[in-house]
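First comes the structure, then the notes that go with it.
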Amino acid sequence: MPDFLNRRMSLRVLALAVAIPVLGCSPKIETGTVAATTPAAVPVAVTGPLKIGFVYVGPVGNAGWTYAHDLGRKAIEKEFGDKVKTTFVENVAEGADAERVFRDLAAQGNTLIFGTTFGYMEPMLKVAKDFPAVNFQHATGYKTAANMGVYDAHTYEGAYLAGVVAGKMTKSGKLGVVASIPIPEVIRNINAFTLGAQSSNPAISTRVVWINKWFDPGKEREGALALIGQGVDVLIQNTDSPATLQAAEEKGVHAFGWDSDMSKIGPKSHLASATIDWSPYYKKVVTEALAGSVKSADSWWGVKEGAIVMASINAALPADVRTLLEQKTAAISDGTLTPFQGPIMDQAGKEVVAAGQTMAIKDMKGLRYYVKGVDGAMPK
């Protein structure tokens, strides 16, 4: 897969994705399902085990984005037993390869198919039109059809909670992010991490190294070491390998896991992992399918729904930090706290969210600036 193409969004389609209004979004933050353009239920014929297909852009491995999705698949098998039969195809490139795989899975009798990367959107839409009796589910996209829904996770909530801990644990006051590609999703996570840290330690600053890839352990390690060399003593990543955590373990600083539980990678440096648990959403859709129909919704889930979980919190974390993390997590869950709650200033000191207000979903999904406290210029 070309370096400029990522597992969820390519720079080539970024301008289009930002320019098109986010379908079904309301002006206030909602942690549950957002209304879709075509919310009709699609009948699912179940005459034996429900056949479910998963398509992955990378290898399953033992950490990261694809691994987290595969844990969700395994959770379905455990929950529903012989009522379902799942299969997965890994290392499927976006484009023609994806279209072929979707067609094959549909032709093989899979009546529910999940595609787990942004670049699958157009191929999935094309195949969905040819298989109206099959329900397709697309991760992180924005286009829906009568038999195709979209779903995503509030990764920024996990980034914010990691920031709360980082603000308490830093001694230098310097935090670091090993970032992948400068798109709104990643910028949103950097900002949320910084805002979370500022909530527990207003004196912190965040430094960012961009590697312009989602998965490149060598570059991720180099980025982490560069940040550590600048005095950063707490790191987080928005990349797919555990290289950042490994570097932190080697150099004796703290770091977080990302997307999946990475605690075993760096047991001393690891503070917690900001994980995505896809199983609540997958179980919901499978339950609907087994009942006879699936709604083509636009869903964006987070802490409230159990989709974002701070996992394997280090036992050495001070009691007051653990308590603060629990309080912040509960507040996000019950809706009394959202990470992008005003007042929020950008780097230039301009107020972008007023006190008492919350950033609109459309603005969150189109973020192209750093908040105050992030050092360095935004990549162009």
**Prompt:** Using links of under 4.5 Å between side-chain heavy atoms of ILVMFWY residues, direct or through other members, which residues join Val309 in one cluster?
**Reply:** none
**Prompt:** Mind checking who shares a hydrophobic cluster with Ile265, ILVMFWY linked at side-chain heavy-atom distances under 4.5 Å?
**Reply:** Leu245, Met262
Applying side chain to side chain contact (heavy atoms under 4.5 Å, CB included), name anything that partners [X], two or more places apart in sequence or on another chain.
X	result
Val352	Ile344, Asp346, Tyr369
Lys372	Met345
Glu326	Arg322

I'd like to check the side chain to side chain donor-acceptor pair (under 3.5 Å) partners of [X]; sequence neighbours left out, ordered by chain and number.
X	result
Thr329	none
Asp70	Tyr56, Arg73
Thr275	none

**Item:** Student check: side-chain heavy atoms of Val134 and Leu112 closer than 4.5 Å
**Value:** no
Check: [X] side chain, [Y] main-chain N or O, donor-acceptor pair, under 3.5 Å:
X	Y	result
Asp233	Lys171	yes
Thr336	Ala331	yes
Ser299	Tyr151	no
Ser260	Ala63	no
Trp65	Val57	no
Gln357	Gly342	no
Tyr120	Val92	yes
Asp240	Phe215	no
Ser199	Gly196	yes

**Asked** Is Glu220 paired with Lys213 through a side-chain N to carboxylate O contact shorter than 4.0 Å?
**Response** no
**Request:** Taking only Lys NZ, Arg NE, NH1 and NH2, and the carboxylate oxygens of Asp or Glu, determine whether Arg103 and Asp130 approach each other closer than 4.0 Å.
**Result:** yes
**Complete:** Residue pairs passing the ring-ring contact (aromatic ring centres under 6.0 Å, His included) test with at least one member in residues 309-364, sequence neighbours excluded, are Tyr156-Phe340
**Request:** Test Thr244 against every option in Asn238, Val178, Val209 by the side-chain contact (heavy atoms from CB on, under 4.5 Å) rule and name the one that passes.
**Result:** Val178
When rounded to the nearest 0.5 angstrom, what is the spacing between [atom1] in [X] and [atom2] in [Y]?
X	Y	atom1	atom2	result
Gln341	Leu337	CD	CG	5.0 Å
Glu249	His254	CD	NE2	10.5 Å
Ser296	Met148	OG	CE	9.0 Å

**Whether over 12 other heavy atoms sit under 6.0 Å from Asp82 CG** = no
**Message:** Within a 6.0 Å radius of atom NZ on Lys85, are there more than 12 heavy atoms belonging to other residues, nucleotides or ligands?
**Reply:** no
**Request:** With sequence neighbours left out, write down each residue that passes ring pair (Phe, Tyr, Trp, His ring centres under 6.0 Å) with Phe256, or none if nothing qualifies.
**Result:** none
**Message:** Under the rule for ring pair (Phe, Tyr, Trp, His ring centres under 6.0 Å), what residues qualify as partners of His270, not counting sequence neighbours?
**Reply:** none
**Verdict with reasoning, Trp278 to Trp301, per ring-ring contact (aromatic ring centres under 6.0 Å, His included)** = CA-CA 9 Å; Trp278 297 105; Trp301 285 15; 9.7 Å; no
**Asked** Any idea which heavy atoms bring Pro339 and Tyr160 closest together, and the distance?
**Response** CB-CD1, 3.6 Å
**Asked** With distance as the sole criterion, is a donor-acceptor pair present between the side chains of Tyr282 and Glu79 under 3.5 Å?
**Response** no
Mind listing the side-chain donor-acceptor pairs of residues 221-231 below 3.5 Å, one per line with the distance, residues two or more places apart or on another chain?
from   : atom 1 : to     : atom 2 : distance (Å)
Arg221 : NH1    : Glu250 : OE1    : 3.0
Arg221 : NH2    : Glu250 : OE1    : 3.1
Arg221 : NH2    : Glu250 : OE2    : 3.2

